[in-house]
Amino acid sequence: MPELPEVETTCRGIAPHILDRNVRDVIVREPRLRWPVPRRLRKILKGARFTAVNRRAKYLLLETDKGILMVHLGMSGSLRIMPADTPALFHDHIDVVLDDGRCLRYHDPRRFGSFHWLQTLEHPLLDHLGPEPLAASFDGSYLYERSRGRRIPVKQFIMDGKIVVGVGNIYANEALFMAGIHPARAAGRVALSRYELLAQTIKTVLGDAIEQGGTTLRDFVGGDGSPGYFAQQLRVYGRQGQPCRACKSVLKEIRKGGRSTVYCPDCQR
DNA sequence: ATGACAACCTGTGGGC
DNA sequence: TGCCCACAGGTTGTCA
């Protein structure tokens with residue numbers, strides 16, 4: 001479920017509930033995630049106190065006085081705060097039990113998510129990540145410079161975490177529509193002025209989605225259990241065969257990098 | 001370096 | 001009604 005707005009929503013949702021709380025216990029029911037959950041996690045995390053909650057790309061960085069718990073939600077993961085004695089459901093893989101009788105519970109049917117334990121923010125998975133899309137350093141000229149000579153479709157280009165992080169399939173489709181750029185166009189053949197517009201629409205679509213608590217697809221819920229409300233205003237994602245909201249042309253669907261790609265054949269060139 | 005593609009895993013929905 | 005296949009929000013690793 002999670003694209004960057006969902007991860008940010010989760011980050012903001014759980015932060016006030018875990019900050020300054022001590023970890024009473026850690027229950028790992030299923031350690032087989034994208035990478036095995038560290039066997040020593042329970043021993044190390046027990047007694048730690050959460051000191052900060054941050055996000056880098058789609059990684060949640062739950063900092064404690066003993067180290068950093070790095071969590072990725074993968075395709076289907078979610079984190080919820082709930083009473084520690086709430087019966088665990090199928091796919092409730094990990095509980096971080098807090099000292100107030102509640103717990104941070106990780107649920108992930110597909111198990112593409114991950115839990116890592118870090119001593120510092122230096123980690124191979126965080127090494128070669130591109131800039132945050134909402135940072136000032138991410139702009140049209142950056143995209144233009146990085147794209148020269150690249151033949152891959154511009155959609156896959158902006159979904160490459162080494163170029164810019166946090167642009168997932170839904171928002172890549174939306175941002176390209178808003179910028180009037182055809183998703184299959186070679187990245188190296190998009191002009192500077194159009195990249196300036198694209199950088200803008202990426203910031204806008206992600207920013208708006210964060211404001212509205214993420215996109216609700218199937219059962220996404222934020223850290224406090226409230227659903228997001230962005231789905232209803234998607235412009236192209238999931239709307240193949242339906243009329244373009246701008247020009248009424250029938251939206252088309254193609255596959256790029258194995259991902260569903262929806263666009264307006266008349267608005268996007 | 002680049003780009004194409006398989007892999008990880010379960011659940012769901014559409015077509016027959 | 002039920003079965004089977006394709007596909008789903010992400011990312012890494014391999015190979016040509």
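Sequence lines set the chain letters: A, B, ... in the order given, protein chains first and strands last, and positions in each chain run from 1.
Protein atom CG of A:Asp160 is 15 Å distant from nucleotide atom C1' of B:dC5, rounded to whole Å. A:Lys256 places its NZ atom 11 Å from the C1' atom of B:dA4, with the value rounded to the nearest Å. For the pair A:Leu129 CG and C:dG10 P, the interatomic distance rounds to 15 Å; values are reported in whole Å. Remark: P of B:dT10 and CZ of A:Phe90 are 8 Å apart, rounded to the nearest angstrom. As rounded to whole Å, 4 Å separates atom P of C:dT11 from atom NZ of A:Lys58. The separation between A:Arg150 atom CZ and B:dA1 atom P is 11 Å, rounded to whole Å. Atom C1' of nucleotide C:dG9 and atom CZ of A:Arg34 are separated by 15 Å, given to the nearest angstrom. Atom C1' of nucleotide B:dG3 and atom NZ of A:Lys162 are separated by 10 Å, given to the nearest angstrom.
Taking side-chain N and O atoms only, A:His72 has a distance below 4.0 Å to OP1 or OP2 of C:dT11. Side-chain N/O atoms of A:Tyr237 include one lying less than 4.0 angstrom from OP1 or OP2 on C:dG9. Residue A:His91 places at least one side-chain N or O under 4.0 Å from the OP1 or OP2 atom of B:dG11. Residue A:Arg151 places no side-chain N or O under 4.0 Å from the OP1 or OP2 atom of B:dT2. For B:dT10, the OP1/OP2 oxygens have a side-chain nitrogen or oxygen of A:Arg111 closer than 4.0 Å. Listed pair A:Arg259 / C:dG10 meets the phosphate criterion, a side-chain N or O lying under 4.0 Å from OP1 or OP2.
Contact check for A:Asn169 versus A:Tyr237: side-chain heavy atoms found under the 4.5 Å cut-off.
A distance cut-off of 5.5 Å between ring centres, combined with a plane angle under 30°, leaves A:Phe112 outside any stacking arrangement with the base of B:dC9.
Each of A:Arg110 and A:Leu125 was assigned the nucleotide of DNA chain C with the nearest heavy atom; the assignment lying further toward the 5' end belongs to A:Arg110.
Geometrically, A:Arg148 engages A:Tyr144 in a cation-pi contact, judged by NZ or CZ lying under 6.0 Å from the ring centre and within 45° of the ring axis.
B:dA4 and C:dG9 have their C1' atoms separated by 22 Å, given to the nearest Å. Across the P atoms, C:dC7 and B:dC5 are found 14 Å apart, a figure rounded to whole Å. For the P atoms, the distance from C:dT1 to B:dG11 is 22 Å, rounded to whole Å.
Shown are A:Ile94, A:Leu62, A:Ile14, A:Val7; of these, the side-chain contact (heavy atoms from CB on, under 4.5 Å) with A:Val71 is made only by A:Leu62.
Across the strands present, B:dC9 finds no partner; the criterion is a Watson-Crick or G-U wobble pair with both atom distances under 3.5 angstrom.
The aromatic rings of A:Tyr106 and A:His93 sit tilted, their planes meeting at an angle between 30° and 60°.
Taking the six-membered ring wherever Trp is involved, the centroid distance between the rings of A:Tyr263 and A:Phe177 does not fall below 6.0 Å.
Among the nucleotides C:dA8, C:dT11, B:dA4, the one closest to any side-chain atom of A:Tyr59 is C:dT11. Among the nucleotides C:dG9, C:dC7, C:dT11, the one closest to any side-chain atom of A:Arg255 is C:dC7.
Within a 6.0 Å sphere centred on CZ of A:Arg151, other residues, nucleotides and ligands contribute 12 heavy atoms or fewer.
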